[in-house]
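Notes to accompany the following structure.
Numbered from 1 within each chain, the chains take letters A, B, ... in sequence-line order.
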Amino acid sequence: MHFQLTDEQRALRDGTRKLLDGRFGRDRLRAAVDEPALDRALWRELGAAGFFALRLPEEAGGVGLGLPEAVLVFEEVGRALLPGPLVACELLAGVVDGVAAGERTAGLCDGSAEAVLWEHPADCDELILVEGGGRDAAGAPGRAAGVYRSAPDRVACAPLTSVDPLTPLARVTDFPRGAPLAGPDPSRLRREAALLTAAQQVGSAVRTVETAVAHARERTQFGAPIGSFQAVKHLCAQMLVRAEIARSAVYAAAVTEGAMDVTGAKLLADEAAVRNARDCLQVHGGMGFTWEADVHLHLKRAWLRAACWGVAAEAEEALAADLLG
Amino acid sequence: MHFQLTDEQRALRDGTRKLLDGRFGRDRLRAAVDEPALDRALWRELGAAGFFALRLPEEAGGVGLGLPEAVLVFEEVGRALLPGPLVACELLAGVVDGVAAGERTAGLCDGSAEAVLWEHPADCDELILVEGGGRDAAGAPGRAAGVYRSAPDRVACAPLTSVDPLTPLARVTDFPRGAPLAGPDPSRLRREAALLTAAQQVGSAVRTVETAVAHARERTQFGAPIGSFQAVKHLCAQMLVRAEIARSAVYAAAVTEGAMDVTGAKLLADEAAVRNARDCLQVHGGMGFTWEADVHLHLKRAWLRAACWGVAAEAEEALAADLLG
Amino acid sequence: MDLAYTEEERAFRVRLRDWLASVLPTLPARPDPRDWPARRAYDTAWQRMLHDAGYADVHWDAAPTIRLIFLEETERAGAPYVGANFVGLLHAGPTIAVEGTPAQRQRWLPPVLRGDEVWCQGFSEPDAGSDLASLRTRAVRDGDDYVVTGAKIWTSHAEVADWCELLVRTDPDAPRHRGLTWLAMPMDAPGVTVRPLRTLAGTAEFAEVFLDEVRVPAGNRVGAENDGWRVTMVTLSFERGTAFVGEVVACRRVLGALARAARANGRWDDAVLRRRLGRLNADFAALWRLIQWNVSEAGAAPAGRGASAAPGKGGGVPGTGGSVFKLRYSHARQELYDAAAEVLGAGALDAGHEWVADRLSSLSYTIAAGTSQIQQNIVAERILGLPKGR
Amino acid sequence: MDLAYTEEERAFRVRLRDWLASVLPTLPARPDPRDWPARRAYDTAWQRMLHDAGYADVHWDAAPTIRLIFLEETERAGAPYVGANFVGLLHAGPTIAVEGTPAQRQRWLPPVLRGDEVWCQGFSEPDAGSDLASLRTRAVRDGDDYVVTGAKIWTSHAEVADWCELLVRTDPDAPRHRGLTWLAMPMDAPGVTVRPLRTLAGTAEFAEVFLDEVRVPAGNRVGAENDGWRVTMVTLSFERGTAFVGEVVACRRVLGALARAARANGRWDDAVLRRRLGRLNADFAALWRLIQWNVSEAGAAPAGRGASAAPGKGGGVPGTGGSVFKLRYSHARQELYDAAAEVLGAGALDAGHEWVADRLSSLSYTIAAGTSQIQQNIVAERILGLPKGR
């Protein structure tokens, strides 16, 4: 039993980071903030690199890797703040044609959520709705648990000004359902969506520690780097603690695939990403409050991710019930 | 409208502190820890000083002061960690004979609490039970709201090893009720008991700030007083913030006597006393963890007071309901 | 301790309430927040109305309780905020009132009271935030002028201000706090460039102000040369005092609205949320009491005469009571809007919602006007007497 | 990443579990916690049983995962804790194993493994807590002996220990970290006085040890003279590592018991409490994973060979992964017992309840073995590379 990454896993992580650094560096990130339409060329490149086909079997043209590897990749995605329906495309590769190759995109909506949100509504070639498969194991009243497909132009939406400038959102008001898709299991989709979302939160939480530390080493006040003051030091230390605890939970859940492990990992990762972004902002002082700093992009995306695929209240209730289980 | 103490209030506060410093200094405090039987001589002295008759009208032999003055005195009591059924005797002076003069003692039990606790059971000459008068305005099922008296030897108790070495406790299992006492209103008794308890919490919270600061100025590590390190500094600063916020709330509630003001004040004072005692312990390091340090006496008493006359959960619910009110 | 209002105070409240009820319906629609000239016009028109009704100098010459009542009632009635008049009325004005010459008071104070002139603040610099005393904007004496070069940041209303209260370094060789000077700089002077600064809320509430050999007449200096730090502290201790009165009233209003919204959308059944709201009710009630306390301790001295420089209850240090308040308030305000996000649920992702915008702006509260870390240092060192350093 | 157990690991677990099931029922009743000789006898008897069954050296020579399984299974089975053997097995023993001469290892290690000798620790002093390197207990060379004078504090099991691992100052003129030496002191040497130290929980788990010209043979020195700081760090980095494995397992057991108690007494209906317990479930599960991670990163090197001095994932610094763990764990443990108090309601005022006693002792967790403040410095400076000072 061990937690260390294998050489292959390490290579995958490093390769992903390098790819994203090269193709989605700071200039591209800020360009995406101003113009959040999906970069289809990048998407195809990711597809060609096996990004979406990661977990498809090799005989189906995939890379044949598992959930732990997907988690490593999504941690990098979270670091880089890469926008797009990434979780959807990762989970729907092999289910929706063209997604694995990055040629087409698909969105994934949580039909059991209080508000059915659709990320990147203008950029999805198809839209998939998951009903049920949550803790209560049932869909909305009168609807069977299952996975449904719809053409985006048949879905009715209310517009919404997304708090995250990198992730346009719409609120689905009507989703015409066809016959349920055979194949994907709603519970599993939901669990994996939660885990990959949590992995991104961990990546963001680690990145904001690094950003805060870099700023604290550089910024001078009172004749010394602010990182030499305990108040700043201890903020940063607690950021690292949150990130490491969440990472342990997320990696373990990727291996066990246990429902409670995933639930706990998402809870801790959401907290780590949100609180680290806030502490990073605090360390940056006034500059952190500007649009030009990237801190707010981490915070807003962390808020968004925390609201998807299981919120804290549900997670805590499930984890409490588990204690009696 | 002003918060400043009048000259008389200032004199009362200073006089109380002086009396307690002289008659209940550190040696007496530590002696009381080893032998928590009530010091009847001190009790009579407090009575003679008008401590219990504070709010009785002058024509009834009292001092004729109000709730704000009682709050100032109880803040001092909380500072000094003076043990005894103080709230009970303050509220029952004029109701139970001999209490005002400090000649006799009375206990006061909350009959609506989940566990009916009796402080200093070996030292009360009489025991009074308050039923109802809380938020739900009713007593326990089948019992009328009211104030009942019993002779201590007729009350059945289960023993309990009190967590607070200065406050022996018993758990009342049967309380033979006579006819309700005319006079004291259960709601008012309850409200004033909560407020005087909160005032003690504020006194304790202020004292633990002072203790922590004194230690932080004196204790040297790494070649400097630990109070020069931001980690310690900021712990102390937050302690002061808690104490001052709670004090503002308690003083205001003493003037308005509003139910919600008292509820909020108790909530904040409980939190201030408990958290300040814990931070004080942290500032003291290992020495704070010893029996010989006084920190634990503040913490344990704060826990006890927080459990009496309205706990946090009830307070928060009441304050929430008030928002819709 | 006497929290009852006097006859005079009650009469003031009634009179003010009546006046507000009569004039507020006559106000034009609020301007677009992105239209700075319109905002200036709206805010200064309101100040002129206050002036004509005899309320202009309530921040300067009224008893503390009267000020409190004024702030409470205007907030409750939904009257306009002080807005573009903020620096003039609450920062530069009080400084000039205390430190200025009679001629300076005569020149600058009446236009502020009438809403004729708008001020902005030029204190912070990109490299001098928490450590304000390290500021580097230079002013060199040249004949009857100072020639000023440097950059200021976090300046509100810079686009529409007539004057800037500017803190500059006049003696680069003196110890940090000793070589600073306070100047009133006309914003239309050649060499002044204003660049809006976009915040994470997407709005441009602040600006950077670049100064390239700007000539400021020496007669615009308030206080002695190189005495600017002390002059400025008068202002800053004021800023950390009662500037938040209206906001606390507003927060309590928002808190009630959150409770009603939660009841309407069913989240009131969530005990965790409900109890959070209950706790915030206690917090904001206590913060309101703390303001009353701080104001009441400022005694009878009107603010314009240096009210908040009166002894704080911590023991004679100007403005420290404000630090205690600000530490708790900035935290409580952030918790309030986190609770708002819980009430909104998925609606908290909609940046178009007022509470979401306010949640974003609440993030600056633990940073602006002295970070919580700096405030904790102030409380620990100046009130509690813990040793400096480290 | 592979969290599955190997065949060998599974076999070890089964064998151990069977053995525990067979021997635990034969153990005598636990001793009175106030009876130190009885505690020693009980703990050392258990160590002897482990020794005879081949488990004595699991902390020293087994693969990390095997150690983890050992700790997990013994805790789950309710086996005795390491107790009086703690310092010998987990502090002094590993230090001697790495730094001692062959003769020293031969002299001291086997009696520890057999449970024949008990060790205690003499590091902290009244004036040297967080700042251990400032310790002042002096040792002066006199012929073949060191003559030691000073005072140590926070020493567990001092009353019944045979040996004390002692850190002393041998060169008062050297820089703080450079003049220290590590000695094995016999506790029955003339001049050693033990005074029990009562904690706020009312028990005497610690003692002060006063040293008045105690003669310690120079042959009892482990490592070079004045090299004691480095020798000690081997031990301390170990202390901050995996010493808490059993406790985390125990905390998870307590958490389950809290949930069942809450269901039994009706407090399970309190959503605030319920959700706190749910969150603690996630916290302790993650802490368990973090231990697995730290242990797994220690690689194949057995602990006795300095396992926890292997590179941490923060980048090659011994024991820093332990600081991350300890910061979160000590906080979570305090929250666990605060939650226990909520479950108990008024019962939390009864000092006779096991959870109340444990709540009191949990208060030391953010202090002992490096306060949370010190741990945060370690994380910030040694893992994150933030500058020292201030």
Side-chain angles (χ1 to χ4, degrees), chain B residues 33 110 113-117 119 158-165 167 169 171 219-224 226 228-232 234-235 274-275 277-279 281-301 303-308 311-313 316-317, chain D residues 124-134 153-154 176 196-206 208 265-267 270-273 334 338 341-342 344-353 356-357 359-361 363-374 376-377 380 388-390:
Chain B
V33 169
D110 182 354
E114 154 238 349
V116 180
L117 295 177
E119 301 185 6
L160 189 90
T161 313
S162 173
V163 74
D164 174 14
T167 313
L169 286 177
R171 188 178 176 132
R219 169 84 173 171
T220 293
Q221 292 280 275
F222 304 105
I226 62 170
S228 65
F229 296 103
Q230 284 190 342
V232 172
H234 293 187
L235 272 180
V274 169
R275 293 193 54 189
R278 289 179 76 146
D279 284 352
L281 200 163
Q282 186 70 23
V283 168
H284 277 75
M287 294 315 301
F289 191 64
T290 61
W291 186 265
E292 279 63 40
D294 294 343
V295 193
H296 72 106
L297 302 175
H298 279 279
L299 177 60
K300 291 166 177 176
R301 189 80 78 92
W303 278 343
L304 171 57
R305 292 193 202 106
C308 296
V311 300
E316 288 168 351
E317 287 288 5
Chain D
S124 295
E125 299 181 4
D127 289 326
S130 291
D131 184 13
L132 180 59
S134 71
I153 197 169
W154 311 122
R176 292 148 38 89
L197 195 61
R198 200 170 173 206
T199 72
L200 56 74
T203 53
E205 282 298 313
F206 305 104
E208 292 179 275
N265 73 13
R267 286 209 168 72
D270 175 350
V272 175
L273 173 60
Q334 292 179 350
D338 285 345
E342 287 291 314
L344 290 170
L349 301 175
D350 181 356
H353 197 290
V356 177
R359 185 187 197 194
L360 288 170
S361 71
L363 296 169
S364 72
Y365 275 71
T366 46
I367 295 170
T371 65
S372 292
Q373 284 72 32
I374 294 292
Q376 287 176 123
N377 281 349
K388 282 211 163 222
R390 287 152 197 278

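Residues B:Thr290 and D:Leu197 have side chains in contact (heavy-atom distance under 4.5 Å, counting atoms from C-beta outward). For the pair B:Thr161/D:Val356, no side-chain contact is recorded, criterion being any heavy-atom separation below 4.5 Å from C-beta on. Looking at B:Trp291 and D:Thr199, their side chains never come closer than 4.5 Å, going by heavy atoms from C-beta outward.
Contacts of D:Ala133 with chain B are absent, with no heavy-atom separation under 4.5 Å from either backbone or side chain. Neither the backbone nor the side chain of B:Ile226 comes within less than 4.5 Å of any heavy atom of chain D. For chain D, the nearby part of B:Leu169 is the side chain; its heavy atoms alone come within less than 4.5 Å. Contacts of B:Arg278 with chain D are made by side-chain atoms alone, with heavy-atom separations under 4.5 Å and no backbone atom involved. In this structure, chain D has a heavy atom under 4.5 Å from the side chain of B:Leu117, while its backbone stays farther away. Only the side chain of B:Leu299 comes within contact range of chain D, with at least one heavy atom under 4.5 Å from a heavy atom of that chain.
Atom-to-atom distance recorded for D:Asp338:CG and B:Trp303:CH2 is 7.0 Å, nearest 0.5 angstrom. Put simply, CG on D:Leu349 and CZ on B:Arg305 are 12.5 Å apart, with the number rounded to the nearest 0.5 Å.
Across B:Val311, B:Thr167, B:Leu160, the residue that shares the most heavy-atom pairs under 4.5 angstrom with chain D is B:Leu160. Heavy-atom pairs under 4.5 Å with chain B peak, among D:Gly129, D:Ser134, D:Gly352, D:Ala341, at D:Gly129. Among the candidates D:Pro126, D:Ser124, D:Gly347, the residue making the largest number of heavy-atom pairs closer than 4.5 Å to chain B is D:Pro126.
For B:Gln282 and D:Thr371, the side-chain atoms include no donor-acceptor pair closer than 3.5 Å.
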**Request:** Decide yes or no on side chain to side chain contact (heavy atoms under 4.5 Å, CB included) for D:Ile367 and B:Leu281, but give the supporting numbers first.
**Result:** CA-CA 9 Å; D:Ile367 295 170; B:Leu281 200 163; 3.3 Å; yes
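A donor-acceptor pair under 3.5 Å links the side-chain atoms of B:Lys300 to the main chain of D:Leu200, judged by distance alone. Remark: the backbone N or O of B:Val232 is not paired with any side-chain donor or acceptor of D:Gln373 at under 3.5 angstrom. At least one donor-acceptor pair closer than 3.5 Å links the side chain of B:Gln221 to the backbone N or O of D:Asp127.
Ionic pairing of D:Asp131 and B:Arg219 is not present here: no N-O contact between side-chain nitrogen and carboxylate oxygen is shorter than 4.0 angstrom.
Looking at every heavy atom in both residues, B:Met287 comes nearest to D:Trp154 through N-CZ2, 3.6 Å.
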